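All heavy atoms count here, side chains included; hydrogens, waters and symmetry mates do not. Residue numbers start from 1 in every chain, and the chains themselves are labelled A, B, ... in the order their sequence lines are given, proteins ahead of strands. Treat the numbers as computed from the prediction; the structure is a model and nothing was measured.
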Number of protein chains: 2
Amino acid sequence: MEQLREMLKGHQLRTTTCREDVLSTFISKKNALSHGDLEGMLGENYDRVTIYRTLKTFLEKGIIHKVLDDEGLRYALCSQSCSEEKHQHDHIHFKCNECGETNCIENLHIPAVKLPEGYIPENFNLLIQGTCPKCKS
Amino acid sequence: MEQLREMLKGHQLRTTTCREDVLSTFISKKNALSHGDLEGMLGENYDRVTIYRTLKTFLEKGIIHKVLDDEGLRYALCSQSCSEEKHQHDHIHFKCNECGETNCIENLHIPAVKLPEGYIPENFNLLIQGTCPKCKS
DNA sequence: TTCAACATGCAACAGGGTTGCAAGATATTT
DNA sequence: AAATATCTTGCAACCCTGTTGCATGTTGAA
Ligand SMILES: [Mn+2]
Ligand SMILES: [Mn+2]
Ligand SMILES: [Zn+2]
Ligand SMILES: [Zn+2]
């Protein structure tokens, strides 16, 4: 609990119970979470708008990053190396079609791609869908 | 115009002006289109719901495929090889941050990735964002 | 031309996401 | 410890995307 305060402070954020709860939810669940997921878990304590704004703030501060999948937008904790200025997000995301969970695969980088002449790449986003180890029968 | 009828017929679809217009829009614009784009272009002639249903039908028949990007969902024409039963979509999508267009890069396949033990991959979706040849100063 | 099957428009709805504003909480200074 | 400036929250209202039910209009084949 004290860790959460430190973590928020480290990003120049005031400590509020909503921010602590959202952050600790991201830390305990390891998978990517949508706003709806968080609202389901914390919605009795906080207004949905507050949860939206908390996500937006965490995004801006480099605490979480966006995860795209076919169902919409989710968010996951950034690795240590992310800050407000610089994000490091060339890792792969895996969505399991059985359990529906989407996870960051931190250790696996997106392989280089040789684009046609004239394309200047900046960001990469690779989503792989399939079956995760937990759901593999 | 006759080509459109043939194309629809080939997918067991009745010819309607909405389907012809949506299909010909996909063919003339080469980039991925959102429902909103189509509504902007055709919305005076057709109800938005009809456009939604046209997109859904085209998806099911393998005429178009989904394209994910950070702003939401778009659609693009499938290559010849796609049908209702089998889709072939291991190509890369490129979104230009200048002009906002998203395009299929048909000739470029997504490179193989060695996932950790236990993951069974089925679909791949790689979005690269950056600057496209047209917008490169 | 007739008719069943299919497609459309309209209305209504659910969900995701944003904004303005007044009231409440936080960190800092005195 | 109290006062204050600054930031955060809740609420209401709103827009956008996408879906569904149903009555009416069209299509293509007999
Ligand atoms: Mn990630
Ligand atoms: Mn494509
Ligand atoms: Zn799973
Ligand atoms: Zn461009």
Report yes if the side chains of B/L126 and A/N125 come closer than 4.5 Å at any heavy-atom pair, otherwise no.
no

Can a donor-acceptor pair be found between the side chains of B/T17 and B/Y46 at a distance below 3.5 Å?
yes

What is the nucleic acid contact for B/S34, judged by heavy atoms within less than 4.0 Å: base, sugar-phosphate only, or nothing?
nothing

Rounded to whole Å, the CD1-P distance (A/I51 to C/dT19) equals 18 Å

Here the distance between atom P of D/dG10 and atom CD of A/E39, to the nearest Å, is 12 Å

Atom-pair distance (CD on B/E20; P on D/dT27), nearest Å:
10 Å

Rounded distance (Å) that lies between atom C1' of C/dA25 and atom CG of A/L8
15 Å

Closest to the A/L13 side chain: D/dG18, C/dT8, D/dT8?
D/dT8

Hydrogens and angles aside, do A/T50 and A/D47 bring a side-chain donor and acceptor to less than 3.5 Å of each other?
no

For A/L38 and C/dG17, give me the distance from atom CG to atom C1', rounded to whole Å.
14 Å

Of A/V49 and B/R14, the one whose closest DNA chain D nucleotide lies more 5'
A/V49

A/L73 CG - D/dT17 C1' separation (whole Å)
14 Å

Minimum-distance nucleotide to A/D47 side chain [options: D/dT8, D/dC11, C/dT8]
D/dC11

Among C/dG16, C/dC6, C/dG9, the nucleotide that comes nearest once only the side chain of A/Y52 is considered:
C/dG16

Is there a side-chain polar atom (N or O) of A/T50 under 4.0 Å from OP1 or OP2 of D/dG10?
yes

Nearest-Å distance, NZ (A/K9) to P (C/dT26)?
13 Å

At less than 3.5 Å, do the side-chain atoms of A/R53 and the base atoms of C/dG17 form a donor-acceptor pair?
no

So, OP1 or OP2 of C/dT26: does either fall under 4.0 Å of a side-chain N or O from A/T15?
no

Is the distance from the ring center of A/Y52 to that of A/H35 below 6.0 Å?
yes

Give a yes or no on whether a donor-acceptor pair under 3.5 Å exists between the nucleobase atoms of C/dA7, that is its base, and the side chain of B/R19.
no

Looking at the side chain of B/R48, which of D/dT19, C/dG9, C/dG17 is the nearest nucleotide?
D/dT19

Test item: A/F94 and A/C132 side chains (from C-beta on) under 4.5 Å apart, heavy atoms
yes

Nearest-nucleotide 5' precedence on DNA chain C, B/T54 against A/R5
B/T54

How close or far is atom P of C/dA27 from atom CD of A/Q12, stated in whole angstroms?
13 Å

Report yes if at least one side-chain N or O of B/T16 is closer than 4.0 Å to OP1 or OP2 of C/dC6; otherwise report no.
no

